[in-house]
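Keep in mind that the numbers below use all heavy atoms, side chains included, and drop hydrogens, waters and symmetry copies. Note that ligands are numbered from 1 as they come in the structure, with each ligand's atoms numbered from 1 the same way.
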Amino acid sequence: MKFRQVHSRNITKLLLSGIFVALSCLGQKVSGQGLKDYYRSFFPVGVSVSPRILQGGEAQLIISQFNSVTPENDMKMGPIHPRENEYNFRGGDSIVAFALRNKLKVRGHTLCWHNQVPAWIFKDDKGDTVSKAVLLKRLKDHITTVVTRYKGKIYAWDVVNEVISDKKEEFYRNSAWLRICGPEFIEKAFQWAHEADPGALLFYNDYNEIDPVKRAKIIRMVKDLRAKGVPVQAIGLQGHWAFNEPSEEQLEKTFADFAALKLPLQITELDISVYPKEHEARGRKGSDADTSFSPERENGQAEQYRRCFAVFRKYKNSLTGVTFWNLSDRRSWLDNFPVEGRKDYPLLFDRNLQPKKAFTAVVSF
Ligand code: XIL
């Protein structure tokens, strides 16, 4: 009897200490791990950055959570090449230096886009539109200079961004690039980027790839380019989504279609708005007054993040990276898009840089 009592007391002690050890390990796991660690065996997890946030608490958060960065604006043509004979590498250089210091990968963004282009690029001295030959020469100089500068430091480039039209009946976006050059600028951009750094992985990047019509156009363009020997090597799906879009079915179909190309895929600009998805920019209305981060919005967003990451994990053989567009709800480009001045809360960290419910949803699997 006595023996039994002592024995059971010992077992209880043993059990309790086991539980204690397990709990403290769990505690350590939760506090010591970042997104990059939870996803170590899946894909690198990145974030878009500006030089401003590479200091203080935000820098610490970047280093502890992510293993890849993308310059949010500093390598776009307008900021980096403001005048024909003038490059401004300050921002880009500081981001690359930060990444090298902290052993983070860098995705370059972006070499050819219709937005944030410097005004000079399409005009001659007299203000007239330049010829195709002049524009292509300028594009070549731009790509060669920028890619060469970061050769060996940037492992992947978004070479061409958003050239597919959102209009069902139109294939290419009607941009100044297309009007002046025709679609040839697309293949040239990839060729010149490849010549400047044959080691960099070259992406075609676009948004609203969950729309079946747009997706089919992207896939057709990539297939046609590759059939011609153009070095389009990977596809970037931006992933500017909302709590109510895409549906799980839409996302699944999107991944299935792209994975069939057998090319690396990345989610390059992920954020999940707490407002119902709208595709066009518009002014603020009376019905936009409530911008609180209510429990309902918080939960809807967390569930959407959970659904998205479940699909990402499922497609880990195709998916070679997931990058968030902005670090925390302190500032997001969605605070001004699609509705100017409407505060959004699209990220995994709140305005105090603390993990949100959505973070837990992403790392609980
Ligand atoms: C956005 C930036 O986040 C903003 O700061 C800037 O004012 C406009 O561009 N698709 C892209 C990104 O490829 O470069 C855009 O970034 C968001 C949409």
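Asp224 has a carboxylate O that lies under 4.0 Å from a charged side-chain N of Arg220, or vice versa, which qualifies the two as a salt bridge. The pair Asp37-Arg40 counts as a salt bridge, with a side-chain nitrogen and a carboxylate oxygen less than 4.0 angstrom apart. Ion pairing between a basic and an acidic side chain is recognised when a charged N comes within 4.0 Å of a carboxylate O; Arg52 and Glu58 show no such pairing.
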Item checked: Steps toward ring-ring contact (aromatic ring centres under 6.0 Å, His included) verdict (Tyr39, Phe309) -> CA-CA 10 Å; Tyr39 280 90; Phe309 273 80; 5.4 Å; yes
Please give the N or O to N or O pairs under 3.5 Å between ligand 1 and the protein, distances rounded to 0.1 Å.
from: ligand 1; atom 1: 3 (O); to: Glu72; atom 2: OE2; distance (Å): 2.5
from: ligand 1; atom 1: 3 (O); to: Trp325; atom 2: NE1; distance (Å): 3.0
from: ligand 1; atom 1: 5 (O); to: Glu72; atom 2: OE2; distance (Å): 3.1
from: ligand 1; atom 1: 5 (O); to: Asn73; atom 2: ND2; distance (Å): 3.0
from: ligand 1; atom 1: 9 (O); to: Lys76; atom 2: NZ; distance (Å): 3.2
from: ligand 1; atom 1: 9 (O); to: Gln116; atom 2: OE1; distance (Å): 3.3
from: ligand 1; atom 1: 10 (N); to: Glu162; atom 2: OE2; distance (Å): 3.2
from: ligand 1; atom 1: 10 (N); to: Gln238; atom 2: OE1; distance (Å): 3.3
from: ligand 1; atom 1: 10 (N); to: Glu269; atom 2: OE1; distance (Å): 3.0
from: ligand 1; atom 1: 13 (O); to: His109; atom 2: NE2; distance (Å): 3.3
from: ligand 1; atom 1: 13 (O); to: Asn161; atom 2: ND2; distance (Å): 2.9
from: ligand 1; atom 1: 13 (O); to: Gln238; atom 2: NE2; distance (Å): 3.4
from: ligand 1; atom 1: 13 (O); to: Glu269; atom 2: OE1; distance (Å): 3.3
from: ligand 1; atom 1: 13 (O); to: Glu269; atom 2: OE2; distance (Å): 2.8
from: ligand 1; atom 1: 14 (O); to: Lys76; atom 2: NZ; distance (Å): 2.7
from: ligand 1; atom 1: 14 (O); to: His109; atom 2: NE2; distance (Å): 2.7
from: ligand 1; atom 1: 16 (O); to: Lys76; atom 2: NZ; distance (Å): 3.2
from: ligand 1; atom 1: 16 (O); to: Trp325; atom 2: NE1; distance (Å): 3.2

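Proximity of a side-chain donor or acceptor of Arg226 to a complementary backbone N or O of Val232 within less than 3.5 Å is detected. Side-chain N or O atoms of Lys343 include one that pairs as donor or acceptor with a backbone N or O of Asp329 at under 3.5 Å.
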